[in-house]
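Source: prediction; values computed, not measured. Chain letters run A, B, ... following the sequence lines, proteins first and then strands; every chain starts at 1.
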Amino acid sequence: MTEPRFYMSAQQQSQSAKKPQTAITPTRAEDFPAWYQAVIRAADMAENSPVRGCMIIKPYGFAIWEHIQDILGGMIKDVGVENAYFPLLIPLSFIAKEAEHIDGFATECAVVTHHRLEKGPDGGLIPASPLSEPFVIRPTSETIIGEALSNWVRSYRDLPMKLNQWCNVMRWEMRPRMFLRTSEFLWQEGHNCFETAEDGNEDARKMLDVYATFLEDALAIPVIRGEKTPEERFPGAIATYTVEAMMQDGKALQAGTSHDLGQTFSRSANIRFQGRDGGEHLAWTTSWGMSTRTIGGLIMVHADDDGLIMPPKIAPYHVSIIPVVKADNEDRVVAYAKALEQDLKAAGFRVKCDVRDDRPSNKMWESIKKGVPVRVEVGGNEVDQGTVTAVRRDLGRESKQTLDKSAFVAQLGGMLDDMHKALYARAKAFRDERIFDVETLDEMDAFFGDESKFGFVRMDAALLADPKFAELKKKYAVTPRCLPFADNGAKAIIGKSY
RNA sequence: CGGGGUGUAGCUCAGUCUGGUAGAGCACUCGCUUUGGGAGCGAGGUGCCGGGGGUUCGAAUCCUCUCACCCCGACCA
């Protein structure tokens, strides 16, 4: 890895020449996976727990998830879906009902087999009473929600029925990674139920659109919308739709999926209704989910060698205020900073006024590493002049400007909008420059074989059936990410993925 | 689940080959001087050397088992 493989503006490059020390070591170019872990720690988002594959999400990381819940949750309700909650434990017999489904999930299920602990001979505790039927800790809830729907759906007048739950799920992962693939993770899973095949398919596509809109408008992550190939489909689905994003190492991340389940689960769960024709029919269902993995994507799309960069709409804080005090002006500066905090809060912004007893420079670096969109410094000069000095995280110190306090409060919304657009544009340009159209599998071989190139290949979807594609897939550990809607299924996007 | 690597202070790591009283930088605590992109000087605290078992007079170091983390695969809505 000799050339810089990551996005750097000329400005950032000159900066790094001046200041080779980055807040995060190693840098993206040096060791991307280690950089990713370091960003999470530096921003105090999460850490590993005593339980393998299960992470502790710390307040700063969880605040991001809460904003995702607020925004995405609102969008889900806006399309007529209601929230509910279903059990964590699923009877083994439910999971076993659908053959293809259990084939897909069997290897990653955690199973609860006992319900009581007793003192063992060594004084330790041992599970004592076996359950008559083991439970599976939900890896997803199609089966148990299907069971409920079979009771709730009687007539075509009950349809559509649209449910969503925010919950944790467990999939026993062989290779866990913070946020990206943890054994326990948080998500929302939606389960909708319809009268006709057309209604179901239209819904699966609509919910994918909700995800795409959310990712682009709230997280500033550009996505490719498309359909998974049959091999990549959700077990039991007749079609799986996906939104794929490109990380700064050129790998793909599936940021949300939506499944047209046809009648697979209504058949196994017996979701029947009396139709307009008086006859009995199987319902058509969909399911769709987005998880805390998205937070990993957020990091890998936007963060830089100084740490996180938060898209303003889901940033835990829009602004951090850093008082720069001297011995003789501390009271005045702190009072000014707190007044500014109140003004900004009154204007609807999320603000952190950092009055801790610490050096201003340390507070600034913390703000940078946490990716707070706008950092405000107020000291004696600002107090005297009634101004604030503001810096945008994505642009760095070069963007430092001093504004009249009231003008700043009035302009902050616009600054945050601009930053959102800039993050999106930067990520989109990065991605678009790294999607390469190829005509043949030899060209695909040449692309993935070239160390200096990384990203996605786009090619004729018919090439997926060529036996040589299977060889290349194995050789480079790449997979078809999707058949983009934009090409009406004629093209396939190929890449490495998380 | 296969292959490889790493576990030593809050963090990054040296020390392990060749066994002999536990180390550095940063961070932390106190004091003074400082304060607009990671301050300076002085003083101070910090460890079941991942865990169990062994070899040895003596183990961070050697042997063995185990756990965790990281990487490459396999697997994976």
Side-chain angles (χ1 to χ4, degrees), chain A residues 15 18-19 21-26 31-38 41-42 44 47-55 100-101 103-109 138-142 169 171-178 180-181 183 185 187 189-191 204 228 231-237 239-242 254-259 261 286-291 293 306-307 322-330 333 357-369 375-383 387-391 393 396-398 400 402 474-477 479 496-498:
Chain A
Q15 215 171 300
K18 203 162 38 183
K19 183 177 71 75
Q21 186 80 359
T22 54
I24 302 298
T25 50
D31 185 342
F32 196 82
W35 164 84
Y36 173 77
Q37 311 265 351
R41 191 177 41 222
D44 205 26
E47 61 188 41
N48 282 315
S49 75
V51 184
R52 179 189 154 78
C54 295
M55 65 191 294
E100 198 181 332
H101 190 58
D103 278 354
F105 280 109
T107 57
E108 39 188 315
C109 283
R138 63 179 163 224
T140 180
S141 304
E142 274 75 6
V169 290
R171 297 178 187 180
W172 210 262
E173 293 293 348
M174 290 295 105
R175 191 177 164 192
R177 295 179 227 194
M178 287 249 204
L180 298 173
R181 180 175 286 108
S183 293
F185 59 90
W187 75 346
E189 51 176 323
H191 298 269
K228 286 289 189 188
E231 298 74 41
E232 304 279 321
R233 253 179 222 153
F234 176 71
T240 287
Y241 302 116
T242 178
Q254 176 176 306
T257 55
S258 178
H259 314 292
L261 302 174
T286 65
S287 69
W288 31 280
M290 178 179 284
S291 73
R293 162 184 275 194
D306 282 331
I322 296 166
V324 181
V325 301
K326 294 189 160 75
D328 62 347
N329 69 8
E330 181 166 352
V333 170
D357 177 23
D358 197 359
R359 308 180 59 74
S361 53
N362 289 337
K363 295 178 184 179
M364 289 174 198
W365 280 106
E366 182 176 325
S367 173
I368 292 165
K369 287 186 287 192
R375 184 175 81 248
V376 163
E377 302 167 16
V378 294
N381 297 338
E382 285 79 1
V383 176
T387 57
V388 302
T389 296
V391 190
R393 171 61 180 89
R397 71 211 303 184
E398 307 299 326
K400 190 176 277 199
T402 299
K474 195 167 181 188
K475 180 174 175 188
Y476 295 115
T479 47
K496 294 189 183 184
S497 75
Y498 278 97

(request) Check the pair A:Ser287, A:His259 against side-chain hydrogen bond (donor to acceptor under 3.5 Å, both in side chains), reporting the backbone distance first and the verdict last. (result) CA-CA 5 Å; A:Ser287 69; A:His259 314 292; 4.5 Å; no

(message) Distance check, P atoms only: B:C48 and B:A60, in whole angstrom units.
(response) 14 Å

(message) Using a 3.5 Å distance criterion without hydrogens, assess whether the side chain of A:Ser183 forms a donor-acceptor pair with backbone atoms of A:Trp172.
(response) no

(request) Using atom CD of A:Glu330 as one end and atom C1' of B:U35 as the other, report the distance to the nearest whole Å. (result) 11 Å

(message) I'd like to compare against my own output: the B/S/- annotation of nucleotides 46-51 of chain B with a strict under-4.0 Å heavy-atom distance to protein.
(response) ------

(request) For A:Glu377, enumerate each residue passing the side-chain hydrogen bond (donor to acceptor under 3.5 Å, both in side chains) test, keeping only those at least two apart in sequence or located in another chain. (result) A:Arg375, A:Lys400

(request) Kindly say whether A:Ala23 contributes a backbone atom to a donor-acceptor pair with the side chain of A:Asp306 at under 3.5 angstrom? (result) yes

(message) For B:C69, give the paired nucleotide (Watson-Crick: N1-N3 plus N6-O4 or O6-N4; G-U: N1-O2 and O6-N3; both under 3.5 Å), or none.
(response) B:G5

(request) Quote, to the nearest angstrom, the C1' distance that separates B:G23 from B:G47. (result) 11 Å

(request) Tell me the partner of B:U46, counting only Watson-Crick (N1-N3 plus N6-O4 or O6-N4) or G-U wobble (N1-O2 and O6-N3) with both under 3.5 Å; none if nothing fits. (result) none

(request) Write down the distance between CG (A:Asp44) and C1' (B:C11), rounded to a whole number of angstrom. (result) 13 Å

(message) Which heavy atom of A:Lys363 sits nearest to which heavy atom of A:Pro323, and what is that distance?
(response) NZ-CD, 4.4 Å

(request) Could you please name the partner base of B:G19, counting Watson-Crick and G-U wobble pairs only when both distances are under 3.5 Å? (result) none

(request) Work out which heavy atom in A:Met178 is nearest to a heavy atom in A:Gln37; give both atom names and the distance. (result) CG-OE1, 4.2 Å

(request) Measure across A:Thr479 and A:Ser497 and return the closest heavy-atom pair with its distance rounded to 0.1 Å. (result) OG1-OG, 4.1 Å

(message) Classify A:Gly236 by what it touches in the nucleic acid, base, sugar-phosphate, or nothing, heavy-atom distance under 4.0 Å.
(response) nothing

(message) Nearest whole Å is fine: how far is B:C11 P from A:Glu366 CD?
(response) 17 Å

(message) Below 30° counts as parallel, above 60° as perpendicular, anything between as tilted: where do the rings of A:Trp187 and A:Phe185 land?
(response) perpendicular

(message) Judged by each residue's nearest nucleotide on RNA chain B, which is more toward the 5′ side, A:Val325 or A:Ser361?
(response) A:Val325

(message) Under 4.0 Å, counting only non-hydrogen atoms across every strand here, what does A:Ser287 touch: a base, just sugar-phosphate, or nothing?
(response) nothing

(request) For nucleotides B:G7 and B:U12, find the distance between their P atoms and express it as a whole number of Å. (result) 12 Å

(request) Identify the nucleotide, in any strand shown, that forms a Watson-Crick or G-U wobble pair with B:C32, with both distances under 3.5 Å; if there is none, say none. (result) B:G40

(request) To the nearest Å, give me how far apart CD1 (A:Ile368) and P (B:G38) are. (result) 10 Å

(request) Name the pairing partner of B:A24, where a pair is Watson-Crick or G-U wobble with both distances under 3.5 Å, or state none. (result) B:U12

(request) Can you check whether any acceptor in the base of B:G36 is under 3.5 Å from a donor in the side chain of A:Glu382, or vice versa? (result) yes

(request) Using only side-chain N and O atoms of A:Arg359, determine if any of them is under 4.0 Å from OP1 or OP2 of B:U35. (result) no

(request) For A:Ile24 and A:Gly307, work out which heavy atoms get closest and say how close. (result) CG1-N, 3.3 Å

(message) Output the rounded distance in Å from CH2 (A:Trp365) to C1' (B:C11).
(response) 17 Å

(message) I'd like the P distance from B:A24 over to B:C70, given in whole Å.
(response) 30 Å

(request) Nearest whole angstrom, please: distance from the P of B:G36 to the CE of A:Met364. (result) 7 Å

(request) Report yes if a donor N or O on one partner sits less than 3.5 Å from an acceptor N or O on the other, where the partners are the side chain of A:Arg41 and the base of B:G10; otherwise report no. (result) no

(request) Between B:U46 and B:A9, how far apart are the P atoms? Round to whole Å, please. (result) 14 Å

(message) Nearest whole Å is fine: how far is B:G37 C1' from A:Arg375 CZ?
(response) 7 Å

(request) For nucleotides B:C72 and B:G25, find the distance between their P atoms and express it as a whole number of Å. (result) 34 Å

(message) What is the separation between atom NZ on A:Lys326 and atom P on B:A39, rounded to the nearest whole Å?
(response) 15 Å

(request) Do nucleotides 69-77 of chain B as a string where each nucleotide becomes B, S or -: B if the base has a protein heavy atom under 4.0 Å, S if just the sugar-phosphate does, - if no protein is that close. (result) SSSBBB-BB

(request) Using the P atom as the reference point in each nucleotide, state the distance between B:G40 and B:C26 in Å, no decimals. (result) 8 Å

(message) Pairing donors with acceptors under 3.5 angstrom, does anything connect the side chains of A:Glu382 and A:Thr389?
(response) yes

(message) Could you check whether any side-chain N or O of A:Glu108 sits under 3.5 Å from a backbone N or O of A:Phe105, counting only pairs where one atom can act as donor and the other as acceptor?
(response) no

(request) Taking atom C1' in both B:C71 and B:A59, compute the distance separating them and give it to the nearest angstrom. (result) 30 Å

